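Everything numeric in this text was worked out from a predicted model, so none of it was measured.
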Amino acid sequence: MTILATLCYILNEDKILLQKKSKELFGGDKYNAPGGKLKPEESPLIGVIREVLEETGLVVRNLQPMGKVYFYEPDWRTPSWEVYLFLTKDFQGELKQDYREGSLEWIAKKDIPYEQMWEDNKYFVPFILEGDYVEGRFYFKPDFKELIGFDVRKFTG
């Protein structure tokens, strides 16, 4: 069964908020945008607002839907993950560190550590940061150990 999830790219001037996941979690020791799994019957918009608040302490508003990415492993007929992507510059609150999830950092967009992220990020995150809507499919070896194929399309908004 496909897991539904969200990611939210939060911008503050020339910086982006990234989370370095705790080692023991899925994606451990990798940077990623805040987000997470949707609850049953939860919409992507409500889910991303909830996940960002839980992981960062920030209330996000004026979220722009930026597309979807699908991750396949090991059965390439059905995605293992379907992830809804959002972007915002509008947030309130104090950043809180929840080290169970991972550490949060504001990182200059020019310094995004793609080499410390899931390999697929370098193929779609730049488009999102340029304001383009994306749809991507990423094919991995078992356990998401290695990206072996992908297709990304951007739609200029």
Side-chain angles (χ1 to χ4, degrees), residues 3 5-37 44-45 47-73 80-141 143-157:
I3 298 168
T6 62
L7 289 172
C8 188
Y9 298 89
I10 304 169
L11 304 179
N12 186 4
E13 297 179 17
D14 68 335
K15 294 184 177 177
I16 182 170
L17 183 62
L18 294 177
Q19 182 177 56
K20 188 169 187 180
K21 284 288 189 183
S22 294
K23 288 182 183 183
E24 63 278 358
L25 298 178
F26 180 71
D29 236 12
K30 295 182 188 296
Y31 283 94
N32 209 353
K37 295 177 190 173
L45 181 61
V48 74
I49 291 168
R50 176 186 53 76
E51 282 287 345
V52 169
L53 179 61
E54 288 174 5
E55 292 185 0
T56 70
L58 301 178
V59 176
V60 288
R61 297 181 301 217
N62 297 315
L63 292 155
Q64 281 182 271
M66 298 306 294
K68 276 196 276 190
V69 286
Y70 302 87
F71 301 100
Y72 297 83
E73 168 283 337
S80 299
W81 292 78
E82 178 179 328
V83 181
Y84 295 82
L85 308 170
F86 293 90
L87 177 72
T88 190
K89 297 175 184 175
D90 190 356
F91 59 90
Q92 270 189 297
E94 293 284 325
L95 200 60
K96 72 169 174 101
Q97 293 287 347
D98 177 358
Y99 292 104
R100 289 170 296 163
E101 283 291 325
S103 60
L104 297 163
E105 293 178 48
W106 289 105
I107 297 174
K109 289 192 284 186
K110 67 178 183 55
D111 296 328
I112 293 174
Y114 288 111
E115 69 285 350
Q116 296 177 57
M117 299 172 82
W118 289 100
E119 187 179 355
D120 52 82
N121 279 251
K122 66 185 175 189
Y123 299 111
F124 72 88
V125 172
F127 294 142
I128 292 171
L129 298 179
E130 291 170 11
D132 295 324
Y133 189 91
V134 298
E135 186 169 301
R137 288 175 168 62
F138 297 91
Y139 303 91
F140 285 85
K141 285 188 174 181
D143 297 325
F144 294 96
K145 295 291 184 201
E146 181 183 345
L147 179 66
I148 54 177
F150 67 94
D151 175 41
V152 177
R153 297 166 195 239
K154 74 171 185 166
F155 304 90
T156 303

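Residue E115 qualifies as enclosed at atom CD: its count of foreign heavy atoms under 6.0 Å is above 12. Residue K89 qualifies as open at atom NZ: its count of foreign heavy atoms under 6.0 Å is 12 or below. Other residues, nucleotides and ligands contribute at most 12 non-hydrogen atoms within 6.0 Å of the NZ atom of K141. In the displayed structure, R153 atom CZ is contacted under 6.0 Å by at most 12 heavy atoms of other residues, nucleotides or ligands.
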Before you tell me yes or no, could you show the steps for T56 and K96 under side chain to side chain contact (heavy atoms under 4.5 Å, CB included), namely the whole-Å CA-CA distance, both residues' side-chain angles and the distance that decides it to 0.1 Å?
CA-CA 5 Å; T56 70; K96 72 169 174 101; 5.8 Å; no
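Between S80 and F144, the closest side-chain pair of non-hydrogen atoms falls below 4.5 Å. The shortest distance between side-chain heavy atoms of N121 and F138 does not fall below 4.5 Å. Between W81 and K37, some side-chain heavy-atom pair lies under the 4.5 Å cut-off. In this structure, I49 and L45 have side chains that are in contact, with non-hydrogen atoms separated by less than 4.5 Å. Side-chain contact between F91 and V52 is absent, with no heavy-atom pair separated by less than 4.5 Å. Between L129 and I112 there is a side-chain heavy-atom pair separated by less than 4.5 Å. With a 4.5 Å cut-off on side-chain heavy atoms, E135 and Y70 count as touching.
Checked by atom type, the side-chain pair E82/Y84 shows a donor-acceptor distance below 3.5 Å.
A salt bridge links K21 with E55: the distance from a Lys NZ or Arg NE/NH1/NH2 to an Asp or Glu carboxylate oxygen falls below 4.0 Å.
Distance NZ/K154 to CD1/I128: 12.5 Å, rounded to 0.5 Å. Put simply, OH on Y133 and NZ on K68 are 6.5 Å apart, with the number rounded to the nearest 0.5 Å. Summarising the geometry, atom OH belonging to Y9 is positioned 13.5 Å from atom CG belonging to L63; distances are rounded to the nearest 0.5 Å. Remark: Y31 OH to Q19 CD distance equals 11.0 Å, nearest 0.5 Å. Between the CZ atom of F71 and the CD1 atom of I3 there is a distance of 11.5 Å, given to the nearest 0.5 Å. Put simply, CD1 on I10 and CG on L104 are 8.5 Å apart, with the number rounded to the nearest 0.5 Å.
In terms of heavy atoms, L17 sits closest to P34 at O-CD, 3.6 Å. Minimum heavy-atom separation, R137 to Y72: NE-OH, 3.5 Å. Minimum heavy-atom separation, A33 to C8: CB-O, 3.3 Å. Contact between E119 and L147 at its shortest, heavy atoms only, is OE1-CB, 3.4 Å. Residues V134 and L85 approach most closely at CG2-CD1, 3.6 Å, considering heavy atoms. For P113 against I107, the heavy-atom pair with the smallest separation is CD-CD1, 4.0 Å.
Listed by first and then second residue, the salt bridge (Lys or Arg N to Asp or Glu O under 4.0 Å) pairs involving residues 9-19 amount to none (not counting sequence neighbours).
Aromatic pair W118/F150: ring centres not closer than 6.0 Å.
In this structure, the side chain of T88 engages the main chain of R61 through a donor-acceptor pair within 3.5 Å.
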